[in-house]
Protein chains: 2
Amino acid sequence: MADVEPGSPGRAGGLRRNGVSITDVAKAAGVSTQTVSRVANGHASVTPSTRENVQRAMRQLGYRPNSAARALRNGQFRTIGVILFRPTATGKTTTVEAITAYAAKAGYAITLIPIDVPTQDNMMGAFTRMDELAVDAVIVFIETELLDTAIVQLPPGVHIVVVDSDAADRYRVIDSDQGGGTRSAVEHLLELGHETVWHVTGLRTSYASRRRTQAWRDALEAAGRPVPPPVEGDWSAASGYAAGQALADRPDCTAVFAANDQMALGLLRAFGERGRAVPDEISVVGFDDIPDAAYFIPPLTTVHQDFAEVGRRSAQEVLRLIQDHATPRLGTDIVPTRLIIRNSTAPPSRIR
Amino acid sequence: MADVEPGSPGRAGGLRRNGVSITDVAKAAGVSTQTVSRVANGHASVTPSTRENVQRAMRQLGYRPNSAARALRNGQFRTIGVILFRPTATGKTTTVEAITAYAAKAGYAITLIPIDVPTQDNMMGAFTRMDELAVDAVIVFIETELLDTAIVQLPPGVHIVVVDSDAADRYRVIDSDQGGGTRSAVEHLLELGHETVWHVTGLRTSYASRRRTQAWRDALEAAGRPVPPPVEGDWSAASGYAAGQALADRPDCTAVFAANDQMALGLLRAFGERGRAVPDEISVVGFDDIPDAAYFIPPLTTVHQDFAEVGRRSAQEVLRLIQDHATPRLGTDIVPTRLIIRNSTAPPSRIR
DNA sequence: CCGCCAGATGTTGACGTCAACATCGCCCCA
DNA sequence: TGGGGCGATGTTGACGTCAACATCTGGCGG
């Protein structure tokens, strides 16, 4: 059998990605490898003619620095790991994109580690893999309880920033203003004249969900209003639809705050089917402000989150940690949210 | 200031990610590095007691293999690069997640390279970075025209698989069955009794969009129906809404095929506002079958795409190329689509 | 004209891992 | 009881890069 393909130079098995190493360039240019290295890294003290010479050789041979060797030499990988759950909720994608874009500008790459089910085992696995992987820092989208035990797995040198969590006492956390956003939604409905506001929660295991539910309750209590039992959802439009079917039968329910826009969509359809007109008979507010929300029927009043800004700040923080070799500062960096008022909210009808 | 933290061993500057190397473990266990390597890699011919011994040392010291060194040694990075545009369209996220999950199972990581604007310059930049990065293969979500000139930048050893493109003559392409899906949508509407089907296109620069428009035209012509002028959209609900406002005024328009679900959402709202009842007066079909589509008002008839399957197959193909050291096979691997009939389509009303 | 200095270039070794080869010790059989 | 053989373990070197140090060259001042 043909052990060595003709024309495939280098080792058998074609292991080498690119046969051209610094040594080859050095040979071709008639200089030492060190000089080539200096040219490649833009160091001073190389004669223009030599530089020219080396660069020509590089171009001719198609030289690319080998990043593995570099990483080995420098102890840095110029890579940031991102751990997140699947299926990825609406905005996270945007956040991840922003992280990627920001990191790319600084010459860092992003490595994705998805976790299917947020069990501790899987978490540990993810961190272990992250660690085996070449990563200088990690950005985690994760639930706190799981974080705690898993985190010990991470080697000391790796920096961590957490998104969407309440682990601010131990890590640097970046998050949208869940509390403020929720409060503005509830207060908006109260100001319209609604007696109280019902609530469809997100997935119980989600921090963001719990945070929103908590803030909803707080806002109601602060206004001295009764707190109706929250209806449990799971972020999906289907669960919002189910919640809507339950809520539609209650004449005392005139305003609903859904923990995200998809569930609000489900509510809209359920109320529509039951003949409860939105917003005339019943008001609905969502959370997230997904692009489609403006085209729901009716256009959805919702809390806008700046997902991209969350990503940008996470990347920025992580880069700061890596580059300044800084100590992590704890606490939460809160990205503002704002209420976008569209047509799904109105004063309660007097008819009742 | 504290230049060196007490208790932070190793080099100044904290370069080492993790002070523990194979050598340290070897020393601690009183064996050679090679034995440690053998244990780490699960090789046979290590006495159980020795293995136990080494494993204990590993655990105690918190040893993690250094992937840079491994990559250098093996000439493989166990990483797959994914190049894609921002902002990411609906399903791509799902596809990328599937790729990541599949690759993870094989012990491969995913590195993301986003491109903001699909210019040739940016493309070249992405490939160059991809190349400097440690990547064994690349999966590209990209427009063909741009691909051609940029591709030369890639070093010979790196494998490529293309998603969502028509470059099947030069690369391995994985794609949803755009043509079949579109045809089934158009035929469904025709069978319901509509004279013809109008069309709202996606972004003109998108291959998927062009492919769908083409298939729509073909299906109409094959049935001997008149081909109305396509209305140009840009994938967004806003553009669908605008298109809907234009179409609502035409009494001869009784059926519309939108190139994606968001635009269909926009159509639904526009028609609703103009008092053109869907589906009684006018039928709407989308493409993608996003999770929300079932909760639109009315629930949307649409073409289901299996985004995850596309991802899985891409990853599978790329892994095959890497591991079997195989030659790329050209041609397109088509993932089936299927029409999901909900309530946004009905026979044309006789009233007219 | 000699020697010193500075700038350009070369040499060496180390980063961590692992394949290939070398060696060591023990068991088993003649 | 001695030798062959095999399994367990050790030693060496190389992957590509680059910092640190070594060396070499030429110019310039004394």
Side-chain angles (χ1 to χ4, degrees), chain A residues 9-27 29-54 58 61-78 131-134 155 157, chain B residues 10-27 29-54 57-58 61-78 131-134 155 157:
Chain A
R11 319 216 217 109
L15 281 190
R16 286 169 146 210
R17 196 177 58 120
N18 181 342
V20 187
S21 82
I22 205 172
T23 316
D24 302 318
V25 176
K27 226 169 284 174
V31 298
S32 74
T33 61
Q34 186 54 215
T35 301
V36 176
S37 169
R38 277 191 269 257
V39 171
N41 293 74
H43 279 271
S45 79
V46 176
T47 309
S49 74
T50 308
R51 177 184 309 277
E52 181 61 31
N53 194 3
V54 171
M58 283 178 165
L61 271 52
Y63 167 75
R64 307 281 168 181
N66 177 318
S67 61
R70 273 199 174 155
L72 178 59
R73 188 68 188 51
N74 302 333
Q76 284 205 186
F77 302 96
R78 297 192 80 77
D131 175 29
E132 283 166 1
L133 257 35
Chain B
R11 318 216 218 109
L15 280 191
R16 286 169 146 211
R17 197 177 59 119
N18 183 342
V20 187
S21 83
I22 205 173
T23 316
D24 302 319
V25 177
K27 225 169 286 174
V31 299
S32 74
T33 61
Q34 185 53 215
T35 301
V36 177
S37 168
R38 278 192 268 256
V39 172
N41 293 75
H43 278 271
S45 78
V46 176
T47 308
S49 74
T50 308
R51 177 185 308 279
E52 181 61 33
N53 194 3
V54 170
M58 283 178 166
L61 271 50
Y63 167 74
R64 306 281 169 181
N66 177 318
S67 61
R70 272 195 173 160
L72 177 59
R73 186 68 184 55
N74 303 332
Q76 283 205 186
F77 303 97
R78 298 192 80 76
D131 176 27
E132 284 166 1
L133 257 36

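Each chain gets a letter, A, B and so on, in the order the sequences are listed, and its residues count up from 1.
Taking five base pairs at each end of the helix from C:dC1-D:dG30 to C:dA30-D:dT1, the local helix axes there meet at an angle of 60°, rounded to 10°.
For the pair A:E52/A:S49, no side-chain contact is recorded, criterion being any heavy-atom separation below 4.5 Å from C-beta on. Contact of the A:S67 side chain with the A:F77 side chain is not registered, since no non-hydrogen atoms from C-beta on lie closer than 4.5 Å.
Pairing each heavy atom of B:A57 with each of B:A29, the nearest pair is CB-CB, 3.9 Å. The shortest heavy-atom contact between B:V31 and B:V36 is CG2-CG2, 3.8 Å. For the pair A:M58 and A:V39, the tightest heavy-atom approach, listed with the atom from each and the gap, is CE-CG1, 4.3 Å. Contact between A:I22 and A:T33 at its shortest, heavy atoms only, is CD1-O, 3.6 Å. Here the shortest heavy-atom pairing between A:T50 and A:V46 reads CB-CG1, 4.0 Å.
In this structure, the nucleotide among D:dG16, C:dT17, C:dG10 sitting nearest to the side chain of B:N66 is C:dT17.
Look at CD on A:Q76: it is 22 Å from P on D:dG16, rounded to the nearest Å. Distance, A:K27 NZ to C:dG10 C1': 16 Å, rounded to whole Å. As rounded to whole Å, 13 Å separates atom C1' of C:dT17 from atom CG of B:D24. Between B:R64 atom CZ and C:dT17 atom C1' there is a gap of 17 Å when expressed in whole angstrom units. B:L72 has its CG atom 9 Å from the C1' atom of D:dT17, to the nearest Å. Protein atom CZ of A:F77 is 11 Å distant from nucleotide atom C1' of C:dC15, rounded to whole Å.
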Measure all distances between protein nitrogen or oxygen atoms and nitrogen or oxygen atoms of nucleotides 6-8 of chain D, and list the pairs falling under 3.5 Å.
unit_1 : atom_1 : unit_2 : atom_2 : d
D:dA8  : O3'    : B:T47  : OG1    : 2.8

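Distance OH/A:Y63 to OG/A:S21: 7.5 Å, rounded to 0.5 Å. Taking CG from B:L72 and CZ from A:R70, the interatomic distance works out to 13.0 Å, rounded to the nearest 0.5 Å. For the atom pair NE2 of B:H43 and CZ of B:R51, the computed distance is 10.5 Å after rounding to the nearest 0.5 Å.
Checking side-chain atoms of A:N66 against main-chain N and O of A:A68 turns up a donor-acceptor pair under 3.5 Å.
Remark on DNA chain D: of its neighbouring residues B:A69 and B:R51, the 5'-side contact belongs to B:R51, judged by nearest-heavy-atom nucleotide.
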Exercise. Give the B/S/- string for nucleotides 18-24 of chain C, one per nucleotide from 5' to 3', where a protein heavy atom under 4.0 Å of the base yields B, of only the sugar-phosphate yields S, and otherwise -.
Key: BBB----

